[in-house]
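Residue numbers begin at 1 in each chain, while the letters A, B, ... track the order of the sequences. Source: prediction; values computed, not measured.
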Protein chains: 2
Amino acid sequence: MLTFSEENHLKAIFHLERTLPNGVSTNALAKEMETKASSITDMIKKLSEKKLINYKKYKGFKLSQFGMETAIAIIRKHRLWEVFLVEKLNFSWDEVHEVAEQLEHIKSEKLTNKLDAFLSYPKIDPHGDPIPDEDGNFPKIAKILFSECQVGDEGTFIGVKDSSPIFLQFLDKNNICLNAKVKILQKEAFDLSLKIEINNNTIMVSHKTASNLYLQS
Amino acid sequence: MLTFSEENHLKAIFHLERTLPNGVSTNALAKEMETKASSITDMIKKLSEKKLINYKKYKGFKLSQFGMETAIAIIRKHRLWEVFLVEKLNFSWDEVHEVAEQLEHIKSEKLTNKLDAFLSYPKIDPHGDPIPDEDGNFPKIAKILFSECQVGDEGTFIGVKDSSPIFLQFLDKNNICLNAKVKILQKEAFDLSLKIEINNNTIMVSHKTASNLYLQS
DNA sequence: ATATATTTTTAGACTAGGCTAAAAATAATT
DNA sequence: AATTATTTTTAGCCTAGTCTAAAAATATAT
Ligand SMILES: [Mn+2]
Ligand SMILES: [Mn+2]
Ligand SMILES: [Mn+2]
Ligand SMILES: [Mn+2]
């Protein structure tokens with residue numbers, strides 16, 4: 001049985017591996033977990049002992065198959081609970097992450113799968129992230145950041161990179177909502193800000209904002 | 001912010017105070033928590049430090065007003081989640097307690113109150129126990145154990161004292177279900193077993209069983 | 001190739017929450 | 001009232017998970 005801390009570390013390694021496919025470093029994980037490198041070394045030893053990661057001293061680490069399955073199961077729970085909170089309890093998309101951080105650690109496969117059924121097997125969570133099924137499978141959704149788009153690109157706003165309440169509330173305030181139709185009209189060379197058309201409104205978004213919004217073309 | 005362990009101790013003290021209204025002893029709580037008296041002394045000091053209980057060395061302890069409110073809030077969450085699991089996710093009444101033991105520690109007042117609303121403000125949980133409202137109020141339901149009844153007594157089976165899976169499954173097997181109409185037909189002097197009529201069936205129940213079933217007359 | 005900088009690990013400390021064994025306080029019996 | 005039994009607390013040890021500071025390994029730059 002894994003502790004909350006072990007589960008949180010696994011999840012963080014999973015997310016880091018997407019940008020660091022050749023292995024995660026102690027410092028990278030320390031930064032992600034907002035903790036110290038020495039604490040990571042200790043935890044990494046525990047996870048390695050439990051066969052959740054492959055680790056060679058000084059050489060970084062990677063999730064094992066077992067660790068990968070475990071991490072995906074936690075992410076599945078996190079995202080299902082987020083859907084529950086939004087769809088059934090009328091939470092807004094900026095309120096759910098914090099609560100889901102707690103709910104993702106509830107240990108009951110039966111609960112997870114019954115919740116999945118109760119929600120009619122949702123495929124994406126309130127932030128556009130894919131929800132793994134019971135077997136851990138989920139599609140890799142093709143998407144690029146607004147900030148990487150070319151002028152003229154069109155598509156649908158289908159997800160956020162940052163899902164902090166402050167960013168999500170900012171999007172709400174600017175009527176930038178999931179599944180909106182988007183067209184990149186102009187890119188300012190000076191500050192990389194974008195002029196976009198979104199749901200027939202024309203607005204400016206900063207580079208920082210653009211680099212946290214995903215477009216599916 | 002309380003730890004799981006602190007919350008579990010508070011809950012146990014709350015339940016013990018039902019039968020020990022003049023204060024709970026270290027040993028009584030150790031037995032209830034299936035731990036050692038020395039561990040209880042340590043925990044009691046922490047809870048006292050946090051003003052959750054009133055404690056004088058060697059003299060036992062009692063929940064403070066604040067401790068009482070905190071314990072009731074946890075019990076409210078436990079019972080609401082049990083209702084959710086049965087009503088919405090089709091768990092059976094013997095499966096919910098273990099999962100609710102985890103869910104009761106989720107910290108979000110908003111979640112608790114939205115869940116309450118989603119469930120249409122249920123008054124009792126799947127085992128017949130009353131659910132405190134947002135302000136911590138709940139009715140004291142008048143009920144007596146079958147084992148304390150007299151021959152001829154009639155009423156409704158409205159709750160269980162023991163809610164362990166093994167006991168609940170035993171009740172299921174014998175078609176003893178909540179809200180059944182009951183009449184005490186006979187009491188055997190030898191072993192205190194009862195002959196009862198329940199939903200128009202006549203069955204025998206042992207003293208042990210009878211002392212875990214509540215009747216409302 | 002050597003010196004310097006960076007990263008990673010180790011060593012030792014601290015807190016929370018358990019434990020056992022012994023001491024101290026209280027309760028029960030003679 | 002004194003002795004014995006029980007209950008409660010203390011003292012000291014353990015593990016998990018964090019920290020700081022120092023040592024060791026690796027990477028970078030002369
Ligand atoms: Mn989230
Ligand atoms: Mn999400
Ligand atoms: Mn229960
Ligand atoms: Mn219950």
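Using a 4.0 Å cut-off between charged nitrogen and carboxylate oxygen, B/R76 and B/E134 do not count as a salt-bridge pair. Checked for salt-bridge contact, A/E7 and A/K107 meet the test: a charged N lies under 4.0 Å from a carboxylate O. The existence of a salt bridge linking A/E17 and A/K62 is excluded, since no basic side-chain nitrogen approaches an acidic carboxylate oxygen closer than 4.0 Å. Using a cutoff of 4.0 Å between basic side-chain nitrogens and carboxylate oxygens, B/K11 and B/E101 are scored as salt-bridged.
Aromatic ring pairs are classed by plane angle as parallel below 30°, tilted from 30° to 60° and perpendicular above 60°; the pair B/W81 and A/F84 is tilted.
Listed by chain and residue number, nothing satisfies the ring-ring contact (aromatic ring centres under 6.0 Å, His included) test with A/H127 (two or more places apart in sequence, or in another chain).
Residue contacts for B/F61: at a heavy-atom cut-off of 4.0 Å it reaches no nucleic acid atom on any strand shown. Residue contacts for B/K45: at a heavy-atom cut-off of 4.0 Å it reaches the sugar-phosphate backbone alone, with no base atom in range.
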Q) Taking protein heavy atoms under 4.0 Å as touching, what does nucleotides 16-25 of chain D look like 5' to 3' if B marks base contact, S marks sugar-phosphate-only contact and - marks none? A) SSBBBB---S
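A/K77 contributes atom NZ, which lies 8.5 Å from atom CG of A/L111 (distance to the nearest 0.5 angstrom).
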Nucleotide N/O of nucleotides 3-5 of chain C paired with protein N/O under 3.5 Å:
none

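Between the C1' atom of D/dT8 and the CE atom of B/M33 lies a distance of 18 Å, rounded to the nearest Å.
Look at B/N27 and you won't find any side-chain N or O under 4.0 angstrom from OP1 or OP2 of D/dT6. Checking the phosphate oxygens (OP1, OP2) of D/dT10, a side-chain nitrogen or oxygen of B/K57 falls inside 4.0 Å.
Side-chain contact of A/T112 with A/E109: a donor-acceptor pair under 3.5 Å is absent, judged by distance alone.
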